[in-house]
Amino acid sequence: MLKNADLSVIIPTYNEHENILGLVEGIKGKLPNGLSTEIVIVDDNSPDGTGRLISRYVEDQLAFNCPVPNTSKVTGDYAINDSRSTVKLVRRESKHGLISAILQGIESSSGRYILVMDADFSHPPETVPLLVGELLRDPDCIVIASRYMTGGSIRGWPYRRKLLSRLAAKIAIHGLKLCNVRDPISGFFAFPRHIIENIRFNTYGYKLLLEILVKSKGVRIKEVPYTFTDRKAGKSKLDNRVVSDYLNSVWYLYRYGRQSKKESKQTTEKRKSVLFLSKAGRFYTVGATGLLLNFIVSTLLARGAISNLWYIEASTVGIILSITSNFFLNKIWTFEDRKFSSGTLAQYVSFVGLSTVGAMIQLLLLYIFVQSGFGYVFSLLAAVAVASISNFLLNKKWTFHEKIWG
Ligand code: GDD
Ligand code: MN
């Protein structure tokens, strides 16, 4: 049975017969030790016979290579070793574009780690072990081979193309808020498969990395400098269509970013209102238990069941007990504040003080309402409602140091 590879190198090809075999050999000679690797070539039925060339190479490989058991562990160290790599060909009927070729290659691959690169030696095989080494050191990040950082450069492109590429990178960085990336339009990068598992890809054209960066926001990014060298053999497939596809993709990703920001804002708002209401609910439940406790204690103390206190004294004990139990229940249950220290006394004093303020608000409002001609019951209910809301809010903010909303 075929074992899953550790690393899948995805190489899309269209008319690359002069480059591909040399590149495969070049990569094989640079692969990290202890890493089983598959090189997946996705060819779009290249008229120059690239596909046929590779399938012959794969057949030879099957005929001459005995599989080597993979027993070593994957670590951040690497050395040259080509004995554990296989080459696989994915044939497609016709030219469907770079992004879709890469995605199909990824789908047909099995590696836990994925590395994407071009077939025309613009992405030097020497940089492959650097990318993989970085990835193995931090296996949850995206590692990008970057032209636009110290040590990186472009060789062989005319000034106009350099300018265009620089402009495209700037548009992506500023338009899509990818400020932590210097070369977001690189075609040479590596990442762990799980990063893209939940992404639905919607762009087409050349820049798959852009969509990964936008849709996996929050993932750590590392960049490794390299020199992009324009192809020596074959022709670039870049045309005006690639430029318009690029602008379309950026526009789509820009709207996607705004939409997901809006959605996440909505969920936070929803979560905040649920939190607020559930805390208010708990606060009033605690208030109700306080009333009950107050009533039971006052009655027991005044009616002689436990003692025969003067009813004012009995009620005072009831009030003190209920305020105290309200305080602790609110602290522990309503506001989930389980820290007890010297500051707890200050909290208690604040709670008593603010509850007194609440009681005064209630009395004042009751007086105002009754004096304005409202019935007593209505006035009492309205005063209690306002006072208990302000009681909740004041204690939330000043006693338990929470934001009012949330
Ligand atoms: N299967 C398949 N299908 N492969 C394709 C297709 C396609 O439709 N179009 C291009 N390719 C392959 C090429 O054979 C090559 O291996 C690679 O994709 C890149 O194509 P080039 O035509 O060489 O691209 P480029 O050099 O102009 O563009 C480069 O620069 C960009 C950075 O500005 C590429 O490296 C891009 O990946 C990179 O993003
Ligand atoms: Mn190229």
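Numbering of ligands and ligand atoms starts at 1, following listing order.
- Contacts with ligand 1 closer than 4.0 Å are made by backbone heavy atoms (N, CA, C, O) of Val42 only, the side chain lying farther away.
- A salt bridge does not link Lys235 to Glu16: none of the charged nitrogens lies less than 4.0 Å from a carboxylate oxygen.
- Under the 3.5 Å distance criterion, the side-chain polar atoms of Ser122 are matched with a main-chain donor or acceptor of Thr229.
- Using a non-hydrogen distance threshold of 4.0 Å, Gly97 registers as a contact of ligand 1.
- Salt bridge annotation for Asp120-Arg231: present, with a cationic side-chain nitrogen under 4.0 angstrom from a carboxylate oxygen.
- If you check which protein heavy atom lies closest to atom 24 (O) of ligand 1, you get Tyr206 CE2, 3.5 Å.
- Between Asp120 and ligand 1, an N or O atom pair is found at a separation short of 3.5 Å.
- Per-residue contacts place Trp157 under 4.0 angstrom from the following atoms of ligand 1 (heavy atoms of the residue considered): 33 (O).
- Of all the atoms in ligand 1, the ones that sit under 4.0 Å from a non-hydrogen atom of Ile185 are 32 (C), 39 (O).
- If you check which protein heavy atom lies closest to atom 11 (N) of ligand 1, you get Leu98 CD1, 3.9 Å.
- When the shell of 6.0 Å around CZ of Arg255 is examined, it contains more than 12 heavy atoms from other residues, nucleotides or ligands.
- By the 30° and 60° cut-offs, the orientation of the rings of Tyr256 relative to Tyr252 is tilted.
- Between Lys279 and Glu402 there is a salt bridge, since at least one side-chain N of the basic residue sits less than 4.0 Å from a carboxylate O of the acidic one.
- Atoms of ligand 1 lying under 4.0 Å from at least one heavy atom of His123, given by number and element, are 35 (O).
- Distances shorter than 2.8 Å separate the Mn ion (ligand 2) from the protein N/O/S atoms Asp120 OD2.
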Exercise. Please report the C-alpha distance between Asn391 and Gln362 in whole Å, then the side-chain angles of each, then the deciding distance to 0.1 Å, and finally whether the side-chain hydrogen bond (donor to acceptor under 3.5 Å, both in side chains) criterion is met.
Key: CA-CA 10 Å; Asn391 209 352; Gln362 183 180 325; over 6 Å; no
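- Looking only at protein heavy atoms, the nearest one to atom 29 (C) of ligand 1 is Asp118 OD2, 3.8 Å.
- Considering only residues two or more places apart in sequence or on other chains, Trp405 meets the ring-ring contact (aromatic ring centres under 6.0 Å, His included) condition with Phe276.
- Phe369 and Phe378 have tilted rings, their planes meeting at an angle from 30° to 60° on a 0 to 90° scale.
- Scanning the protein heavy atoms around atom 5 (C) of ligand 1, the nearest turns out to be Tyr14 CB, 3.9 Å.
- Ionic pairing of Arg155 and Asp230 is not present here: no N-O contact between side-chain nitrogen and carboxylate oxygen is shorter than 4.0 angstrom.
- Contact annotation for Met117 and ligand 1: no heavy atom of the residue comes within less than 4.0 Å of the ligand.
- For the 3.5 Å distance criterion, the side chains of His194 and Asp140 qualify, holding a donor opposite an acceptor.
- At the shortest separation from atom 22 (O) of ligand 1 among protein heavy atoms lies Lys237 N, 2.5 Å.
- Classification of Arg56 and Asp60 as a salt-bridged pair fails, no side-chain N sitting under 4.0 Å from a carboxylate O.
- Contacts of Arg147 with ligand 1, taken as heavy-atom pairs under 4.0 Å, involve the side chain alone.
- Ligand 1 has a nitrogen or oxygen under 3.5 angstrom from a nitrogen or oxygen of Thr13.
- At the top of the distance list for atom 30 (O) of ligand 1, counting protein heavy atoms only, stands Arg161 NH2, 3.7 Å.
- One distance of note links CG of Asp43 with OG1 of Thr13; it measures 3.5 Å at 0.5 Å rounding.
- Those atoms of ligand 1 that come under 4.0 Å of a heavy atom in Arg231, given as number and element, are 21 (P), 22 (O), 23 (O).
- Side-chain polar atoms of Ser109 and Arg193 form a donor-acceptor pair below 3.5 angstrom.
- When hydrogens are left out, the protein atom nearest atom 27 (O) of ligand 1 is Ser236 OG, 2.8 Å; that is the closest non-hydrogen contact.
- Among the atoms of Asp44, some N or O lies under 3.5 angstrom from an N or O of ligand 1.
- Of the listed residues (Phe121, Tyr226, Phe228), just one forms a ring pair (Phe, Tyr, Trp, His ring centres under 6.0 Å) with Phe188, and that residue is Tyr226.
- Taking distance alone, with nitrogen or oxygen atoms compared against 3.5 Å, Lys207 approaches ligand 1 more closely than that limit.
- Residue-ligand proximity, Glu16 to ligand 1, at heavy-atom distances under 4.0 Å covers atoms 13 (C), 14 (O), 15 (C), 16 (O).
- Only side-chain heavy atoms of Ala101 come within less than 4.0 Å of ligand 1; its backbone N, CA, C and O stay farther off.
- Taking the six-membered ring for Trp, Phe328 and Trp333 have ring centres at least 6.0 Å apart.
- For a threshold of 3.5 Å applied to N or O pairs, the pair formed by Pro12 and ligand 1 contains at least one separation below that value.
- Each of Val219, Val116, Ile142 was scored for a side-chain contact (heavy atoms from CB on, under 4.5 Å) with Ile212, with one residue passing: Ile142.
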